[in-house]
Amino acid sequence: MTFLPPDFYLRPTLTVARELLGKTLVRRLDATTLSGRIVEVEAYHQHGDASCHCRNGPTARNEVMFRAGGHLYVYFTYGMHFCMNVVTEEEGIGAAVLIRAIEPLEGIEIMRQHRKGDKPDRGLADGPAKLCQALAIGREENGIFLDGSVAGILDAPVVPDGELQRSSRIGITLGRELPWRYFIASSPWVSRARPSGERK
DNA sequence: CAGTCGATGTACT
DNA sequence: GTACATCGACTGG
């Protein structure tokens with residue numbers, strides 16, 4: 001198995017976000033492997049992005065985002081949820097791509113157990129906190145490098161432009177004018193078609 | 001279907 | 001104190 005090399009992540013954040021669509025996110029847990037196809041992402045950047053955790057410079061929480069591309073930034077929010085991001089660009093730049101939804105591929109029954117309940121497959125990982133729950137990603141995984149030992153991403157052909165859609169990012173107030181959410185238009189596995197309140 | 005709202009911990013003002 | 005890159009349960013149409 002060949003995981004994406006560091007060079008993949010050491011590029012402009014929007015490029016990495018765009019190219020992460022269609023790739024396979026892999027999570028190794030003991031003897032089992034969980035995986036899914038990335039169908040929805042959002043970019044965040046220290047500069048020019050009022051909603052980025054790094055907008056005011058380094059802090060204890062966002063330190064991982066300033067590391068070199070290829071690390072995993074996991075943060076805790078709303079008192080109960082984790083979200084995972086792929087760090088991008090060179091060390092010293094605070095930028096990352098939030099993984100918002102995957103299409104479950106391997107280990108679906110394990111994901112269902114992690115999600116506690118008898119959820120339909122579509123509800124297993126169609127949201128940033130749901131996907132972390134399904135893949136058992138939490139505090140422990142913050143700061144790991146995506147070399148495949150704990151988690152990693154496998155290459156896959158780039159999704160053609162015609163299958164892509166962009167929108168403003170979900171659940172933020174500042175920076176909602178930036179069209180930094182990318183998703184696969186026809187995929188039934190995305191969290192939603194468009195941000196709520198946004199019209200067709 | 002869409003919209004509203006409470007849960008619940010923590011980083012930061 | 002307040003806001004929060006969310007979710008699930010609930011309401012009304």
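All chains are named by letter (A, B, ...) in the order of the sequence lines, taking the proteins before the strands, and each is independently numbered beginning at 1. Only heavy atoms go into these numbers, but all of them, side chains included; no hydrogens, no water, no symmetry mates.
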A/Arg100 bridged to A/Glu42 by N-O distance under 4.0 Å: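 A salt bridge links A/Arg100 with A/Glu42.
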Sidechain N-carboxylate O distance under 4.0 Å for A/Asp126, A/Arg122: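 So A/Asp126 does not pair with A/Arg122 through a salt bridge.
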Nucleotide interval of DNA chain C bounded by contacts with chain A (heavy-atom cut-off, under 4.0 Å):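 The contact span of chain A on DNA chain C goes from C/dC4 to C/dG8.
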A/Arg11 NZ/CZ over A/Tyr9 ring centroid, <6.0 Å and within 45° of normal: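 Pair A/Arg11/A/Tyr9 does not count as cation-pi.
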Within 45° cone of A/Tyr73 ring axis and under 6.0 Å: A/Arg67 NZ or CZ: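 No, A/Arg67 does not lie over the aromatic ring of A/Tyr73.
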Which atom pairs, one a donor and one an acceptor, fall under 3.5 Å between side chains of residues 146-156 of chain A and the rest of the protein, sequence neighbours left out?
residue  : atom : partner  : partner atom : Å
A/Asp147 : OD1  : A/Ser149 : N            : 3.0
A/Asp147 : OD1  : A/Ser149 : OG           : 2.8
A/Asp155 : OD1  : A/Lys23  : NZ           : 3.1

To the nearest Å, how far apart are [X] [atom1] and [N] [atom2]?
X	N	atom1	atom2	result
A/Tyr75	B/dT10	OH	P	16 Å
A/Met80	B/dC5	CE	C1'	12 Å
A/His81	B/dT10	NE2	C1'	14 Å

Whichever of A/Tyr44 and A/Lys119 has its nearest DNA chain C nucleotide further upstream toward 5':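 Residue closer to the 5' terminus by nearest nucleotide: A/Tyr44.
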Contact under 4.0 Å: A/Arg139 side-chain N or O vs B/dT10 OP1/OP2: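 Answer is yes, contact under 4.0 Å.
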Side-chain N,O (A/Thr77) to OP1/OP2 (B/dT10) below 4.0 Å: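 Looking at the OP1 and OP2 atoms of B/dT10, neither is under 4.0 Å from any side-chain N or O of A/Thr77.
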Touch class at under 4.0 angstrom, heavy-atom based, for A/Ile172 against every strand present: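 Sugar-phosphate, no base atom in range.
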Sugar-phosphate, base or nothing in reach of A/Arg192, heavy atoms under 4.0 Å: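 If one applies the 4.0 Å heavy-atom cut-off, A/Arg192 turns out to touch nothing in the nucleic acid.
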More than 12 heavy atoms from other groups under 6.0 Å of CD on A/Glu140: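 No.
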Parallel, tilted or perpendicular: rings of A/Phe76 and A/Phe82 (30°, 60°):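 The rings of A/Phe82 and A/Phe76 sit tilted, inter-plane angle from 30° to 60°.
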Value rounded to 0.5 Å, distance of CZ in A/Arg176 from OG in A/Ser167: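 Interatomic distance, A/Arg176 CZ to A/Ser167 OG, rounded to 0.5 Å: 13.5 Å.
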Selected nucleotide, minimal atom distance to A/Phe76 side chain, candidates B/dT13, B/dA7, B/dG9: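 Per side-chain heavy atoms of A/Phe76, the pick is B/dG9.
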Each stem that DNA chain B is part of, given as range with range (3 or more consecutive Watson-Crick or G-U pairs, under 3.5 Å):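 Expected stems, ordered by start: B:1-7 with C:6-12, B:9-12 with C:1-4.
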Full working for ring pair (Phe, Tyr, Trp, His ring centres under 6.0 Å) between A/His53 and A/Tyr75: CA-CA 10 Å; A/His53 287 173; A/Tyr75 69 90; 4.6 Å; yes
